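Data block below; observations after.
In what follows, chains are A, B, ... by sequence order, proteins preceding strands, each numbered from 1. Since the structure is predicted, the reported quantities are computational estimates derived from the model, not experimental observations. Side chains are part of it too, since the values below use all heavy atoms of this structure and drop only hydrogens, waters and symmetry mates.
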2 protein chains.
Amino acid sequence: MQKETSTYLNEVFIQHCRERGLKVTPQRITIYKALAGSTDHPTADFVYRNIHKEHPNISFETVNRTLLKFAETGILDVIESFSGARRFDPNLDSHHHIHCVQCGMIVDFKDEQFNNIQIPKQFKREYKVVSKRVVINVICELCQSK
Amino acid sequence: MQKETSTYLNEVFIQHCRERGLKVTPQRITIYKALAGSTDHPTADFVYRNIHKEHPNISFETVNRTLLKFAETGILDVIESFSGARRFDPNLDSHHHIHCVQCGMIVDFKDEQFNNIQIPKQFKREYKVVSKRVVINVICELCQSK
DNA sequence: TATTATATGAGAATTATTCTCATTTGTCAA
DNA sequence: TTGACAAATGAGAATAATTCTCATATAATA
């Protein structure tokens with residue numbers, strides 16, 4: 001990663017934290033950077049293992065709690081899974097998912113028409129809508145070939 | 001539940017099993033009946049606790065394995081959750097979900113327009129599409145009032 | 001620079017899922 | 001009907017995922 005990018009990410013992140021009353025700690029910066037821009041919808045364990053070599057002093061507990069805290073404060077999203085571990089998604093733009101029901105792989109895709117899906121009026125009254133998404137459950141190429 | 005309904009369910013279920021090479025056991029009949037027609041998208045543990053009073057000899061292990069086997073053979077679906085326990089859905093008709101991001105409650109709804117969502121062509125080549133669904137993430141009334 | 005609320009790390013506890021293996025039981029063919 | 005046999009079950013242990021507790025450390029603020 002280039003220095004400029006890294007600095008920019010830091011600034012964005014620090015801004016995020018300030019707005020939400022979160023302390024800016026080295027652990028949080030590391031975890032945020034590990035996730036920002038990624039498209040692999042990782043689990044807490046995956047993030048932990050990714051950063052562990054470079055940052056052996058960051059505990060799994062902190063990674064997990066940080067991701068949950070980030071989700072709680074809207075820095076990232078928890079996304080759907082078919083059980084197994086909880087998965088996180090740093091992409092907050094409206095987008096949709098191809099989701100392999102066998103291996104769990106998730107591919108993001110954009111679709112303007114899907115973005116414009118109108119939520120039935122009756123639900124808007126009863127529920128506070130947080131987000132909406134089209135999820136296409138598939139068997140991916142790799143799993144098909146097995 | 002009325003006798004007719006029960007008998008009908010049994011017949012449908014036995015048919016299901018025969019077509020898929022599954023043995024028809026009393027445990028499977030019990031588990032199927034506990035689930036059929038339900039709209040609460042239960043976990044294995046929930047199903048287990050539901051039937052345990054009437055059927056104390058059915059183990060959790062059997063409930064869980066049976067539900068997975070049912071999912072594998074298309075008798076029911078595993079549906080999305082935000083982690084926690086795996087959830088099952090006996091409703092195989094095309095439908096969509098209101099999903100409370102706080103308590104996990106899921107409400108089914110029908111929507112013809114959503115059913116007719118067209119999967120982008122490029123994905124049809126690469127992936128074997130199993131199903132598709134609109135998921136609306138919300139905070140439900142109960143959770144809002146907390 | 002001192003104070004304080006928040007964050008962290010370690011370890012244990014809890015919850016969810018899967019595995020192993022001995023025993024039982026549906027199913028099918030004779 | 002009755003074996004034979006593959007499949008299903010139950011019990012217990014193992015593993016995986018998540019959460020809790022609490023002592024210590026640290027970022028933010030005045």
Side-chain angles (χ1 to χ4, degrees), chain A residues 10-11 13-32 34 41-52 55-73 75 78-88 101-104, chain B residues 10-11 13-32 34 41-52 55-73 75 78-88 101-104:
Chain A
N10 273 351
E11 277 164 16
F13 176 65
I14 288 167
Q15 187 63 18
H16 276 202
C17 287
R18 297 240 188 286
E19 285 166 6
R20 294 159 173 91
L22 299 184
K23 288 187 181 173
V24 179
T25 66
Q27 290 92 334
R28 287 180 171 167
I29 291 174
T30 300
I31 294 164
Y32 179 78
H41 317 88
T43 62
D45 184 62
F46 188 87
V47 174
Y48 172 73
R49 280 187 281 113
N50 257 324
I51 65 179
H52 185 255
H55 304 272
N57 301 322
I58 300 182
S59 71
F60 172 79
E61 197 29 48
T62 294
V63 172
N64 189 235
R65 264 190 304 214
T66 298
L67 292 171
L68 286 172
K69 178 64 80 174
F70 284 177
E72 206 182 300
T73 48
I75 296 178
V78 173
I79 56 167
E80 81 283 353
S81 73
F82 300 120
S83 170
R86 186 186 284 118
R87 299 179 70 170
F88 298 92
V101 296
Q102 278 181 23
C103 68
Chain B
N10 273 351
E11 278 164 14
F13 176 65
I14 288 168
Q15 187 61 18
H16 276 200
C17 287
R18 297 240 186 284
E19 285 166 7
R20 294 158 173 92
L22 298 183
K23 289 186 180 174
V24 179
T25 66
Q27 290 92 334
R28 287 180 171 167
I29 293 174
T30 300
I31 293 164
Y32 179 77
H41 317 87
T43 63
D45 185 63
F46 188 87
V47 174
Y48 172 72
R49 280 187 280 112
N50 258 325
I51 65 180
H52 185 256
H55 304 273
N57 301 322
I58 301 182
S59 70
F60 171 78
E61 197 27 49
T62 293
V63 172
N64 189 234
R65 264 190 303 213
T66 298
L67 292 171
L68 286 173
K69 179 64 82 172
F70 285 176
E72 206 182 300
T73 48
I75 294 178
V78 173
I79 55 166
E80 81 282 353
S81 71
F82 301 119
S83 169
R86 185 185 284 118
R87 299 179 71 169
F88 298 92
V101 296
Q102 277 181 23
C103 68

Quick check for you: to the nearest 0.5 Å, what is the distance between [X] atom [atom1] and [Y] atom [atom2]?
| X | Y | atom1 | atom2 | value |
| --- | --- | --- | --- | --- |
| B/I31 | B/N50 | CD1 | CG | 12.0 Å |
| B/R65 | B/S59 | CZ | OG | 6.5 Å |
| B/Q102 | A/E72 | CD | CD | 9.5 Å |
| B/H55 | B/T62 | NE2 | OG1 | 13.5 Å |

Scan [X] against the nucleic acid and name what it touches under 4.0 Å (heavy atoms): base, sugar-phosphate only, or nothing.
| X | result |
| --- | --- |
| A/L68 | sugar-phosphate |
| A/D45 | nothing |
| A/T43 | nothing |

Original post:
Of the nucleotides C/dT8, D/dT9, C/dT17, which one has an atom closest to the side chain of B/T62?
Top reply: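 The nucleotide sitting nearest to the side chain is D/dT9.
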**OP:** Choose from D/dA11, C/dG9, C/dT18 the nucleotide whose nearest atom is closest to any side-chain atom of B/S59.
**Re:**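 For the B/S59 side chain, the nearest candidate turns out to be D/dA11.
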Between [N] atom [atom2] and [X] atom [atom1], what is the distance in whole Å?
| X | N | atom1 | atom2 | result |
| --- | --- | --- | --- | --- |
| B/N64 | D/dA11 | CG | C1' | 15 Å |
| A/F82 | C/dT17 | CZ | P | 14 Å |
| A/I58 | C/dA10 | CD1 | C1' | 15 Å |
| A/Y48 | D/dT19 | OH | C1' | 17 Å |
| A/R28 | C/dG9 | CZ | P | 11 Å |
| A/F60 | D/dT15 | CZ | P | 18 Å |
| A/R87 | D/dT18 | CZ | P | 12 Å |
| B/K69 | D/dT9 | NZ | C1' | 13 Å |

**OP:** State, to 0.1 Å, how close A/T73 and A/R20 come at their nearest heavy-atom pair, and which atoms those are.
**Re:** O-NE, 2.5 Å
Original post:
When you measure from the side chain of B/R87 to the backbone N and O of B/G104, does any donor-acceptor pair fall under 3.5 Å?
Top reply: yes
**OP:** Decide yes or no on side-chain contact (heavy atoms from CB on, under 4.5 Å) for B/L22 and B/H16, but give the supporting numbers first.
**Re:** CA-CA 8 Å; B/L22 298 183; B/H16 276 200; over 6 Å; no
Subject >> Residue whose closest nucleotide on DNA chain C lies nearer the 5' end, A/G21 versus B/A44 >> reply: A/G21
**OP:** Would you indicate, yes or no, if C/dT18 has its OP1 or OP2 atom less than 4.0 angstrom from a side-chain nitrogen or oxygen of B/R86?
**Re:** yes
**OP:** Can you check each nucleotide of nucleotides 19-30 of chain C against protein heavy atoms at under 4.0 Å and return B for base, S for sugar-phosphate only, - for none, in 5' to 3' order?
**Re:** BB-----BS---
